[in-house]
Amino acid sequence: MTIDAVFFDVGEVLVDETREYGTWADWLGVPRHTFSAAFGAVIAQGKDYRETFQIFRPGFDLATERERRAAAGQPEWFGEEDLYPDVRPCLSELRAQGLKVGIAGNQTTRAEGILRDLRLPTDVLGTSDSWGASKPSLSFFERLIAEARVPAENILYVGDRIDNDLRPAIELGINAAVIRRGPWGHILRDETAQEILGQDIERLSLFHLNSLSELPDLVRKYNEQQA
């Protein structure tokens, strides 16, 4: 089956989240290096990244603190300079191949607005807030299939996480590509983390990427082989 639609996760796939997590460290009053080290330790154990905040401030509620930051004039924010440099060329090349290109990730309504303002070359943009479903729930990916308007086997989902991205996508018959960048993309290739999150799932990935610049040619060649 050919790939007719390609959907992308947001954090560490399209957007470099260095700024985002750095500002959270500042908000907590924690040195950025210390926050990053704790963050890596949490996800290497297969835990929810939000447990990092509990280390420094027990009882921390992320949604509440987002509102407090916004009220203090320090809302979550990212811009063109936070996009990885391979993003726009990759999306444009895939569209030039006649593929439907989408963005679908666990993001807030505010982040969705920022993404829309960036005017990336895409056909679909959906987030957990607007869809009312969050990864890794299958309902999120069922909505993605509906938005793609092609069968699951004709969709490729590109993510950096085995647990949130690859596992649920593959369970529904969606093809998956994993990119090795960001904390999850590197740490979750540690043998212990692979045992926790399912090494077999990673092996089922259609493509393993170091950069999005590799993807258009891989998809083109794959579709030519299916013809």
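Start at 1 with the first residue, then count along the sequence.
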Peer 1: In the hydrophobic cluster built from side-chain contacts under 4.5 Å, what are the other members alongside I155?
Peer 2: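 The other cluster members (ILVMFWY side chains, heavy atoms under 4.5 Å, direct or chained) are F7, V124, W131, L138, F140, F141, L144, I145, V150, Y157, L172, I174.
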Peer 1: Which pair of non-hydrogen atoms, one from P136 and one from D163, has the smallest distance, and what is that distance?
Peer 2: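 Result for this residue pair: CB-O, 3.7 Å.
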Peer 1: Which residue in the set D160, D86, D16, N210 passes side-chain hydrogen bond (donor to acceptor under 3.5 Å, both in side chains) when paired with R181?
Peer 2: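 Between R181 and the candidates, side-chain hydrogen bond (donor to acceptor under 3.5 Å, both in side chains) is satisfied uniquely by D86.
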Peer 1: Tell me whether D217 contacts the main-chain N or O of E214 through its side chain, where contact means a donor paired with an acceptor under 3.5 Å.
Peer 2: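 No, the answer is negative, given that no donor and acceptor are paired below the 3.5 Å cut-off.
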Peer 1: Is there a donor-acceptor pair closer than 3.5 Å between any side-chain N or O of Q97 and the backbone N or O of P216?
Peer 2: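 Yes; at least one donor-acceptor contact below 3.5 Å.
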Peer 1: Rounded to the nearest 0.5 Å, how far does CE of M1 lie from OH of Y222?
Peer 2: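 Separation between the atoms: 9.0 Å.
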Peer 1: W24 vs W27 aromatic rings, parallel, tilted or perpendicular, using cut-offs 30° and 60°?
Peer 2: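 Ring orientation of W24 relative to W27: perpendicular.
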Peer 1: Are the charged groups of D9 and K135 less than 4.0 angstrom apart, N to O?
Peer 2: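 Result for this pair is yes, salt bridge flagged.
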Peer 1: Can a donor-acceptor pair be found, under 3.5 Å and without considering hydrogens, that links the side chain of N175 to the backbone of L206?
Peer 2: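 Judged by distance alone, no pair lies under 3.5 Å.
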Peer 1: Please determine whether side chain to side chain contact (heavy atoms under 4.5 Å, CB included) holds for the pair Y84 and L14, giving the CA-CA distance in whole Å, both sets of side-chain angles, and the decisive distance to 0.1 Å.
Peer 2: CA-CA 6 Å; Y84 281 103; L14 304 180; over 6 Å; no
Peer 1: Under 4.0 Å between a side-chain nitrogen and a carboxylate oxygen: does that hold for R19 and E81?
Peer 2: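 Answer for the salt bridge query: yes.
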Peer 1: Is it the case that over 12 heavy atoms from other parts of the model lie below 6.0 angstrom from the CZ atom of R149?
Peer 2: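 It does not: R149 CZ has 12 such atoms or fewer within range.
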Peer 1: Are the charged groups of R167 and E171 less than 4.0 angstrom apart, N to O?
Peer 2: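 Between E171 and R167 there is no salt bridge, as every charged N stays at least 4.0 Å from the carboxylate O atoms.
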Peer 1: For the backbone of A133 and the side chain of S137, can you confirm whether one donor and one acceptor N or O come within less than 3.5 Å of each other?
Peer 2: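 Not confirmed, S137 side chain does not pair with A133 backbone.
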Peer 1: For the side chain of E76 and the backbone of R66, is there at least one donor-acceptor N/O pair under 3.5 Å apart?
Peer 2: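 Answer holds: no.
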Peer 1: Between L218 and F207, what is the shortest heavy-atom contact and its length?
Peer 2: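 Nearest heavy atoms, L218 then F207: O-CZ, 3.8 Å.
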Peer 1: Measure the spacing between CG of L62 and CZ of F60 and express it to the nearest 0.5 Å.
Peer 2: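 It comes to 5.5 Å.
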Peer 1: Taking atom types as modelled and ignoring hydrogens, do the side chains of Q226 and T2 form a donor-acceptor contact shorter than 3.5 angstrom?
Peer 2: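 Absent: no donor and acceptor within the cut-off.
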Peer 1: Considering residues at least two apart in sequence or located in another chain, which fulfil the side chain to side chain donor-acceptor pair (under 3.5 Å) criterion with R68?
Peer 2: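 By the side chain to side chain donor-acceptor pair (under 3.5 Å) rule, R68 matches E65.
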Peer 1: Side chain of K47, backbone of V42: donor and acceptor closer than 3.5 Å?
Peer 2: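 Absent.
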Peer 1: Are the side chain of N223 and the backbone N or O of I3 linked by a donor-acceptor pair below 3.5 Å?
Peer 2: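 Yes; judged by distance alone, with no hydrogens or angles, the pair exists.
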Peer 1: Looking at D26 and R32, does any basic side-chain N land under 4.0 Å from a carboxylate oxygen?
Peer 2: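 Yes.
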Peer 1: Where do L156 and A176 come nearest, in terms of heavy atoms and distance?
Peer 2: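 Reported closest heavy-atom pair: CD1-C, 3.7 Å.
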Peer 1: Distance alone, cut at 3.5 Å: any donor-acceptor contact between the side chains of S211 and R180?
Peer 2: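 No pair is found: no donor N or O on one side chain lies under 3.5 Å from an acceptor on the other.
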Peer 1: Would you kindly say whether T127 and Q107 are connected by a side-chain donor-acceptor distance under 3.5 Å?
Peer 2: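 The criterion, which ignores hydrogens and geometry beyond distance, is not satisfied for Q107 and T127.
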Peer 1: In terms of side-chain geometry, is the basic nitrogen of D123 or R95 positioned less than 4.0 Å from the acidic oxygen of its partner?
Peer 2: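 A salt bridge links D123 with R95.
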Peer 1: Closer than 3.5 angstrom, by distance alone: can the side chain of T108 be matched with the main-chain N or O of A111 as a donor-acceptor pair?
Peer 2: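 Yes, the answer is positive, given that a donor and an acceptor are paired below the 3.5 Å cut-off.
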Peer 1: Just by distance, do the side chain of R161 and the backbone of W184 share a donor-acceptor pair under 3.5 Å?
Peer 2: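 Side chain of R161 to backbone of W184, a donor-acceptor pair under 3.5 Å: no, none is there.
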